[in-house]
K.L.:
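Got a structure here, written out as structure tokens. Questions coming.
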Amino acid sequence: MILNIIIIGGGHSGIEACLSASKICNKVKLISSNLENLGMLSCNPSIGGVGKSHLIKELEILGGLISEASDYSRIHSKILNFKRGESIHSLRYQIDRILYKNYILKILFIKKNIIIEQNDIKNILRFKNKILLIDKFNCLHIAKNIILCAGTFINSKICIGKNMFKFGRYNEKTFFLSQSLKKIYLFINKLKTGTPPRIDINHINYKKLTIQYSDYSYFFGKNFNFNNNIKCFITSTNLNLHNFIKKKFNSTSLYIGIISSLGPRYCPSIEDKIYKFSMKNKHQIFLEPEGYYSKELYLNGLSTSLSINNQKKMIKKIKGLEKSLIIRFAYNIEYDYFDPRCLNLTLNIKFANNIFLCGQINGSTGYEEAAVQGFVAGVNAARKSINLLLWKPKKWNSYIGVLINDLIFVGISEPYRIFTSKSKFRLFLRMDNSLYRLTNLGFLIGTITKFKFKFYNNYIYNTYNNLLDFLKTNFKKNFNIYKNIIIMSKYYGYIKKYLFKF
């Protein structure tokens, strides 16, 4: 059977690609090496942040899944930049890993036009206008288009101290597809990322920690839950810890040359922080729970590649964690990525237009950036398979467009992360007006239903109707509409002058 689309990889980009494509065409297959890990939050169980929450909100309006799953599984939320302007208000959730993964699996498994298969692809071949995939059993899969979103699993290695393992994630094997893609003349290079240790929630002195309470005001979509009541905690490093790590530089994979590639600038390892910011006496560490029924705490801000013994000693030197025990050890990972400048704005390769690339293999970092690329690739692969015009995101009407344009035209020298500062139209590209900007686009590309389209348009109609009759508006009944009108009037002059050029 010749399939319209085969998606290789079941991470955030693969799931969004699969679901968005299935709304437009049939014969969509998702191939993953381990079905139990579909929708897994492989690093920090959090969604959102500065710029990232704008991407999630835009995906929610366009019909993406990540916002629904986040609302369903959130256990803690914070509004960032609340004291500043509405254009940079951002939302950040702490997520229950199990609830999130179960929601993703439920949605994927009830879709009748999605074929799911547990398998490994070892070779990719182009034959005329079709793609031939050869799996580990030497069986052949044929597709009109493929979407490759293998994350950090392509020719990757994990480093803990001086030890090196060929894994794509801890205890999960890597793939060797680079040779197949070199034949298509893609430029391949390496990036690195890392993850901090997880500690036992029952061996912590909470009296020495600062409590971070949850905010209750906002949520991404309408899938609201009441599990928003778990506390997070804050502690910090100290000079004693800094001096200990300085003595152990020669036992880290970063400083002995096992890993030589660049990592994310905004999420450096603790060794990098101490080396590059030696004038600082302390760095904040956020203790974030992994879920309701988990005994693990994620130490955000303590990514490291120290050896296991040194990690155990390091943890004991942190305020409040003197008696803590490590459940999962930290590690660094180095992986292959492909230069995104070889892609069109539709995320297919310029000289092999039925191969789409999305996610971390394009050099981005973060769940949100991966999900957005997967959505765009899924929509365009589906539209291409049924001979429709492809969608090219524009940077003036969405942060999705900002991200895609930056990757394609600017390229990357380090893992790419979205920020509100990357757009000169950020006063127009706000979270609160995503509904007004993108509802019609979602319906035109075929990813939202008629019912959802009518619901959104009814809300938009009520807003503009109340705007025309502002003095007669019942503000108690229409608080959100009233709030949107105030924000729209606040930014009207800017939008008129800079966006519409009159």
Side-chain angles (χ1 to χ4, degrees), residues 44 46-62 66-67 77-93 191 193 215 218 220 262-268 272-273 276-277 280 283-284 286 300-301 303 337 340-341 345 359-360 362-373 375-376 392-434 436-438 487-488 490-501:
N44 189 4
S46 71
I47 298 289
V50 177
K52 291 172 178 280
S53 61
H54 293 69
L55 292 178
I56 300 297
K57 187 62 181 176
E58 289 172 1
L59 269 189
E60 195 265 326
I61 301 302
L62 291 173
I66 191 171
S67 58
S77 64
K78 292 297 289 184
I79 304 165
L80 309 179
N81 298 325
F82 185 69
K83 294 182 180 179
R84 302 173 72 182
E86 287 84 359
S87 63
I88 56 171
H89 282 186
S90 301
L91 190 57
R92 186 180 184 274
Y93 284 173
L191 290 173
T193 186
D215 297 327
Y218 294 110
F220 285 123
L262 283 173
R265 190 196 316 176
Y266 307 100
C267 187
D272 267 347
K273 288 179 184 178
K276 294 176 180 176
F277 307 102
K280 294 194 73 171
H283 299 279
Q284 276 192 328
F286 297 88
N300 194 354
S303 173
Y337 83 96
R341 289 175 294 181
L345 283 170
Q360 281 186 277
N362 285 343
S364 66
T365 181
Y367 307 139
E368 299 83 359
E369 290 87 346
V372 160
Q373 292 173 65
F375 182 86
V376 173
K392 296 180 180 179
K394 304 293 189 296
K395 61 183 179 181
W396 66 266
N397 75 342
S398 68
Y399 276 101
I400 297 174
V402 172
L403 183 146
I404 302 295
N405 277 269
D406 282 353
L407 288 176
I408 304 312
F409 294 122
V410 180
I412 62 151
S413 56
E414 62 183 7
Y416 180 90
R417 186 202 190 283
I418 193 71
F419 281 104
T420 50
S421 59
K422 291 184 182 287
S423 174
K424 65 178 180 180
F425 302 115
R426 57 185 170 274
L427 295 185
F428 176 61
L429 305 181
R430 307 185 307 274
M431 276 185 67
D432 63 86
N433 71 350
S434 301
Y436 307 91
R437 288 187 279 118
L438 299 172
I487 296 170
M488 286 163 64
K490 181 178 177 180
Y491 291 114
Y492 170 73
Y494 167 84
I495 294 166
K496 178 182 176 182
K497 182 177 179 181
Y498 291 100
L499 193 63
F500 299 112
K501 306 292 184 185

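We number each residue from 1, following the sequence as shown. The shown structure was predicted, so the numbers you read here are calculated from the model rather than taken from an experiment.
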K.L.:
Can you list everything that forms a side-chain contact (heavy atoms from CB on, under 4.5 Å) with Ser87? Sequence neighbours excluded, please.
P.N.:
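Per chain and number, Ser87 pairs via side-chain contact (heavy atoms from CB on, under 4.5 Å) with Leu427, Arg430, Tyr491.
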K.L.:
What are the two closest heavy atoms between Arg265 and Pro268, and how far apart are they?
P.N.:
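Nearest heavy atoms, Arg265 then Pro268: O-CD, 3.5 Å.
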K.L.:
To the nearest 0.5 Å, tell me how far Lys57 NZ sits from Ser434 OG.
P.N.:
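One finds 6.5 Å between NZ of Lys57 and OG of Ser434.
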K.L.:
When rounded to the nearest 0.5 angstrom, what distance separates CD1 in Ile56 from OG in Ser90?
P.N.:
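Reported to 0.5 Å precision, the distance equals 11.5 Å.
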K.L.:
Can you list everything that forms a salt bridge (Lys or Arg N to Asp or Glu O under 4.0 Å) with Lys78? Sequence neighbours excluded, please.
P.N.:
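Listed in chain order: Asp215.
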K.L.:
State which residues pass side chain to side chain donor-acceptor pair (under 3.5 Å) with Tyr416; sequence neighbours excluded, sorted by chain then number.
P.N.:
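Counting only residues at least two positions away or on another chain, Tyr416 forms a side chain to side chain donor-acceptor pair (under 3.5 Å) with Asp406.
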K.L.:
If I compare all heavy atoms of Asn397 with all of Arg437, which pair ends up nearest, and what's the gap?
P.N.:
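Taking every non-hydrogen atom into account, O-NH1, 2.9 Å.
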K.L.:
Can you label the angle between the Tyr399 ring and the His54 ring as parallel, tilted or perpendicular, going by 30° and 60°?
P.N.:
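Tyr399 and His54: perpendicular rings.
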K.L.:
If you round to the nearest 0.5 Å, how far is CD1 of Ile487 from CG of Asp432?
P.N.:
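Rounded to the nearest 0.5 Å, the CG-CD1 separation comes out at 4.0 Å.
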K.L.:
Minimum heavy-atom separation for Leu59 and Ile400, please, with both atom names.
P.N.:
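In this case the closest contact between Leu59 and Ile400 is CD2-CD1, 4.5 Å.
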K.L.:
Just how far is it from atom CG of Leu91 to atom CD1 of Ile47, taken to the nearest 0.5 Å?
P.N.:
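So the gap between those two atoms works out to 11.0 Å.
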K.L.:
How close do Leu429 and Ser398 get, counting heavy atoms only, and between which atoms?
P.N.:
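Closest approach of Leu429 to Ser398: CD2-N, 3.5 Å.
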K.L.:
For Phe375, give me all partners under ring pair (Phe, Tyr, Trp, His ring centres under 6.0 Å), at least two apart in sequence or on another chain.
P.N.:
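Not a single residue meets the ring pair (Phe, Tyr, Trp, His ring centres under 6.0 Å) criterion with Phe375.
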K.L.:
Mark yes when over 12 heavy atoms from residues, nucleotides or ligands other than Lys273 sit less than 6.0 Å from its NZ; otherwise mark no.
P.N.:
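Yes - once you tally the heavy atoms of other residues, nucleotides and ligands closer than 6.0 Å, there are more than 12.
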K.L.:
Not counting sequence neighbours, which residues clear side-chain contact (heavy atoms from CB on, under 4.5 Å) with Phe419? List them please.
P.N.:
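With sequence neighbours excluded, Phe419 shows a side-chain contact (heavy atoms from CB on, under 4.5 Å) to Val50, Tyr266, Arg417, Ser421, Lys422, given in chain and number order.
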K.L.:
Pairing donors with acceptors under 3.5 angstrom, does anything connect the side chains of Ser364 and Gln373?
P.N.:
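Side-chain D/A pair, Ser364 to Gln373: present.
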K.L.:
Output all residues satisfying side chain to side chain donor-acceptor pair (under 3.5 Å) with Gln360, sequence neighbours left out; order by chain, then residue number.
P.N.:
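Expected list: none.
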K.L.:
Would you check if there is a donor-acceptor pair between the side chains of Arg92 and Ser46 at a distance under 3.5 Å?
P.N.:
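Yes, a side-chain donor-acceptor pair sits under 3.5 Å.
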K.L.:
Using only atom types and a distance under 3.5 Å, with no angle test, would you say the side chain of Glu58 pairs donor to acceptor with the backbone of Leu438?
P.N.:
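No.
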